[in-house]
Structures are given as C-alpha cells and as structure tokens.
Number of protein chains: 2
Amino acid sequence: MYSARMSTPERLIESTRELLWERGYVGTSPKAIQQHAGAGQGSMYHHFAGKPDLALAAIRRTAEEMRATAEAVLGGSGSAYARVEAYLLRERDVLRGCPVGRLTMDPDVIASDELRAPVTATLDWLRDRLAGILQEGVDQGEFAPALDPRETASAIVATVQGGYVLARSSATPTAFDAAVRGLLVLLRGMTTGCGAPVDAPAATTSSN
Amino acid sequence: MYSARMSTPERLIESTRELLWERGYVGTSPKAIQQHAGAGQGSMYHHFAGKPDLALAAIRRTAEEMRATAEAVLGGSGSAYARVEAYLLRERDVLRGCPVGRLTMDPDVIASDELRAPVTATLDWLRDRLAGILQEGVDQGEFAPALDPRETASAIVATVQGGYVLARSSATPTAFDAAVRGLLVLLRGMTTGCGAPVDAPAATTSSN
DNA sequence: GTCTATATTAGGATAGAC
DNA sequence: GTCTATCCTAATATAGAC
C-alpha cells in the first residue's frame with residue numbers, strides 16, 4: 001500500500017493518519033491500521049506502545065502538515081483580503097472534511113489532554129495567524145476599524161470547519177463553496193469604500 | 001435513569017440520543033444503550049431491529065427537535081438582522097456540539113442514505129429558513145443587495161457548526177461566541193447605512 | 001415483553017519464538 | 001524487528017425459555 005522504501009513505523013503512521021481522517025479515533029482499530037500498513041501485530045507493538053501512542057504520532061504529523069499548508073497560502077503576498085480569500089478558496093478535499101477539526105468530535109481525543117493538544121494548538125495558531133493578517137488590514141486602512149481581527153478570524157476558521165459539515169451533510173462540495181462565498185461577500189463589506197459597489201474586491205490571487 | 005412512566009422503547013430512544021450526541025454512532029454500542037436505558041438485551045431487540053434501526057429513530061427525533069428549537073427563534077418578530085442575531089446568540093450547550101452536525105463526521109452515518117437523510121434535511125431546512133429571512137431583509141432594504149441570501153445563510157450555518165469545533169478544540173464555549181460575534185459584525189456591515197457607524201445594530205431581541 | 005443463554009467477530013494487547 | 005500464539009473483553013446479534 002506504500003512505497004517499499006518506506007519504513008514500517010512510517011507506514012504505520014501514514015496508515016493511521018488515513019484511517020483517523022476517514023473514520024476517526026474511535027472508529028479506527030489497531031488491526032485495521034496494521035492491515036492498511038501491511039504490518040504485523042507484533043511489528044506495530046514493537047514500534048509503538050499502543051493505539052494512543054500511534055495516534056499521537058499521526059495527529060502531530062497531520063497537524064504540522066495542516067499548518068504548513070495554511071502558511072503556504074497565508075504567507076503569500078497581496079492585500080490582507082487577498083490572502084484571506086486565497087486561504088478560503090484554496091483547493092481542498094472537501095468531502096473528506098478537515099483531518100484536524102474532525103478529531104474535535106472524537107470523544108476519546110477530546111478526553112485526552114495529550115491527543116487534544118495538537119488539535120488545539122493548530123486551530124489556535126490558524127486563528128491567530130488570520131487575526132494578524134486582518135490586523136494588518138485594519139492598520140493599513142484596508143478594513144473598517146469596526147472589524148475585530150480576532151473575532152473575525154474565529155468566524156473565518158469556523159466557516160471553514162462548518163463548511164465541511166455542510167458539504168458532508170449534502171454529499172457535495174458546493175455546500176462548502178457557498179458558505180465560503182457568503183463569508184467573502186460579508187468580508188468585502190468591511191473593506192473601506194464600503195458605501196461603494198461592494199462587488200469590487202481587492203484584487204490579485206485566488207486559488208492554491 | 002428515566003421517569004418510571006417512560007416506556008422501554010422511549011427510554012431506549014432517549015438513551016440512544018444521549019449517547020449518539022456524546023460518542024457518535026461508531027462509539028455507541030448496543031450494550032451501552034441498554035445499560036443507559038436500564039433495559040435488557042432481549043428488550044432492545046424486541047422493539048428494534050438492531051443498532052441502525054434504533055439510531056434512525058433517535059436521529060429523526062433529534063433532528064425534529066433541532067428544527068423546532070431553531071424555528072422558535074427564527075419565527076419570532078423583529079427585523080431580519082434581529083432574528084438572525086437571536087438565532088446566533090441563543091443559548092446552547094456549546095461544548096457538547098451540535099447533535100445533528102456531529103453525525104456528519106460519523107463514517108457509518110454518512111455511508112447510510114437512511115441515517116444521513118434526517119441530517120441533510122435538517123441542515124438544508126435551516127439554511128433555507130435563514131435564506132428566506134435574509135431575502136426579506138434584502139427586499140425591504142434592510143440589507144445591501146450585494147448580500148446573497150442563500151450563500152450568506154450557508155455562511156451562518158457553517159459558522160455555528162464550526163463554532164462548535166473551535167469550542168471543543170479549546171475546551172471553552174467562548175471560542176464559539178467569538179466566531180458568532182465576528183460574523184455578526186460582518187453581517188451588520190451589510191446593513192444599509194453601511195457607511196455610518198457600523199456599531200449600531202438593528203434593535204430588539206437578543207437571546208433565547 | 002423481558003430475560004438468560006449462546007455465538008461470532010472484532011478490539012486491544014502481551015508473550016515468546018524466530 | 002517481525003511473526004505466531006494466546007488472552008480477555010466488547011460488539012452485535014440470535015434462540016428460546018419464562
């Protein structure tokens with residue numbers, strides 16, 4: 001299932017990431033991981049203490065990846081609005097949901113401080129990163145001062161996370177897109193020159 | 001665990017609703033349901049065909065309840081903005097998440113057309129209900145014409161669903177509130193008289 | 001309607017051979 | 001490091017007595 005060059009621990013972690021994304025922590029069994037990784041029982045318990053230990057490694061990696069993916073877009077150039085838009089419009093595997101956010105609905109993950117920590121850290125980082133960008137926008141007069149950077153950032157992250165919910169509910173990615181477009185229109189409304197035709201956004205990029 | 005007057009099927013359904021909310025479909029076993037309901041093995045299988053059958057009854061009821069709760073606020077009086085605000089600010093058991101939306105992350109629920117149907121119907125209804133209210137607001141000049149009722153409604157529902165994610169991630173309800181407040185500020189920005197101090201909302205109600 | 005077997009597979013892991 | 005054997009409990013029922 002994986003390149004022959006990949007070590008057994010690597011294959012186990014990658015398999016766990018896949019299954020955690022697809023079925024969550026509660027729905028993922030050690031046996032399923034082993035089969036997906038093409039590793040034996042003993043092999044798994046040799047490299048990892050057990051399911052929670054392996055899940056922790058998987059979650060940490062997934063969290064790190066999500067952060068890097070977001071930073072790749074958010075760290076780009078362009079106006080504050082443009083960068084936020086680029087983040088919201090970037091390509092996503094919408095129907096699979098957010099591999100980090102979905103863990104939030106996993107009772108065993110939430111119950112464990114260790115397993116929850118990377119989730120909290122990642123979502124917090126994302127919100128703060130967005131808040132920083134929005135703050136820049138306010139400082140430079142791009143956004144109206146009424147815009148609270150931190151709360152707006154929360155709304156943006158929430159819209160994305162909730163967009164996944166809507167998409168999976170209706171089994172179509174367009175539900176996600178609708179929510180994002182709705183938010184972007186509102187955000188453009190806070191752009192200075194708000195009395196002017198609100199349909200003229202900032203400019204520049206779009207996808208990633 | 002329940003009133004002695006409650007019938008066994010009733011207790012089973014209510015128990016299933018609780019557990020589905022708390023642990024999801026995958027994380028809820030028939031045995032756990034029976035124990036929570038104070039019913040025996042045979043009792044459960046006498047009244048229901050099995051776990052999926054019981055879950056369907058539970059999900060349908062939860063969906064219906066959510067709809068009624070939302071309608072109680074959305075059907076109130078006041079401006080379009082006021083009703084949307086009342087919906088967003090209504091009291092919620094934030095840290096428990098949305099009993100309907102969370103099912104969306106349950107692989108077995110999503111894989112079953114029957115189990116998914118009530119989820120889809122409820123979220124679709126909510127979005128459409130909000131879209132209707134927003135449309136009224138646009139028609140009556142309360143909101144700028146640039147506001148797309150349907151997409152804005154999607155963004156609202158998504159913010160709520162995602163707000164639960166943020167709250168559970170950080171283990172505090174305030175994360176939900178931040179997202180909602182962020183969205184409300186943006187929504188007020190689409191209110192006519194947008195050039196004016198944006199901090200003066202429509203009026204009337206607030207919670208429910 | 002409810003209860004008590006009984007059954008099968010999976011979950012989650014340990015022990016020890018190779 | 002990996003494999004096989006073994007263990008115990010839970011998951012998800014079915015069968016049949018009461």
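Per chain, numbering begins at 1; letters A, B, ... match sequence-line order.
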Decide whether [X] and [Y] meet the rule of one side-chain donor and one side-chain acceptor closer than 3.5 Å.
X        : Y        : answer
B:Ser170 : B:Thr172 : no
B:Thr159 : A:Thr159 : yes
B:Gln161 : A:Gln161 : no
A:Tyr164 : A:Arg102 : no

Counterpart residues, side chain to side chain contact (heavy atoms under 4.5 Å, CB included), relative to A:Asp139 (two or more places apart): A:Gln135
Check DNA chain C against residues 103-112 of chain A and give the residues with a non-hydrogen atom under 4.0 Å, in numerical order. none
Nearest heavy-atom approach of A:Thr16 to A:Ile33 is OG1-CG2, 3.4 Å
Just so I know, are the side chains of A:Pro52 and A:Tyr25 near enough to count as touching, which here means a heavy-atom distance under 4.5 Å? yes
Before accepting this row, confirm whether a basic side-chain N of the pair [X]/[Y] lies closer than 4.0 Å to the acidic partner's carboxylate O.
X       : Y       : value
B:Glu14 : B:Arg11 : no
B:Arg96 : B:Glu18 : yes
A:Glu10 : A:Arg61 : yes
B:Arg17 : B:Glu22 : no

Any pair counted as salt bridge (charged side-chain N to carboxylate O under 4.0 Å, His left out), so long as it reaches residues 149-162 of chain A, sequence neighbours left out: A:Asp128-A:Arg150, A:Glu151-B:Arg181
Nucleotide range of DNA chain D lying under 4.0 Å from chain A heavy atoms: D:dG1 to D:dT4
Restricting both atoms to N or O, compile the protein contacts to nucleotides 11-14 of chain C shorter than 3.5 Å, with distance only.
from: C:dG11; atom 1: OP1; to: A:Ser29; atom 2: OG; distance (Å): 3.4
from: C:dG11; atom 1: OP2; to: A:Ser29; atom 2: OG; distance (Å): 3.1
from: C:dG12; atom 1: OP1; to: A:Lys51; atom 2: NZ; distance (Å): 3.4
from: C:dG12; atom 1: OP2; to: A:Lys51; atom 2: NZ; distance (Å): 3.4
from: C:dA13; atom 1: OP2; to: A:Tyr45; atom 2: OH; distance (Å): 3.4
from: C:dA13; atom 1: OP2; to: A:Lys51; atom 2: N; distance (Å): 3.2
from: C:dA13; atom 1: N7; to: A:Gln41; atom 2: NE2; distance (Å): 3.2
from: C:dA13; atom 1: N6; to: A:Gln41; atom 2: NE2; distance (Å): 2.3

Terminal axes of the helix from C:dG1-D:dC18 to C:dC18-D:dG1 (five pairs each): angle between them, nearest 10 degrees: 0°
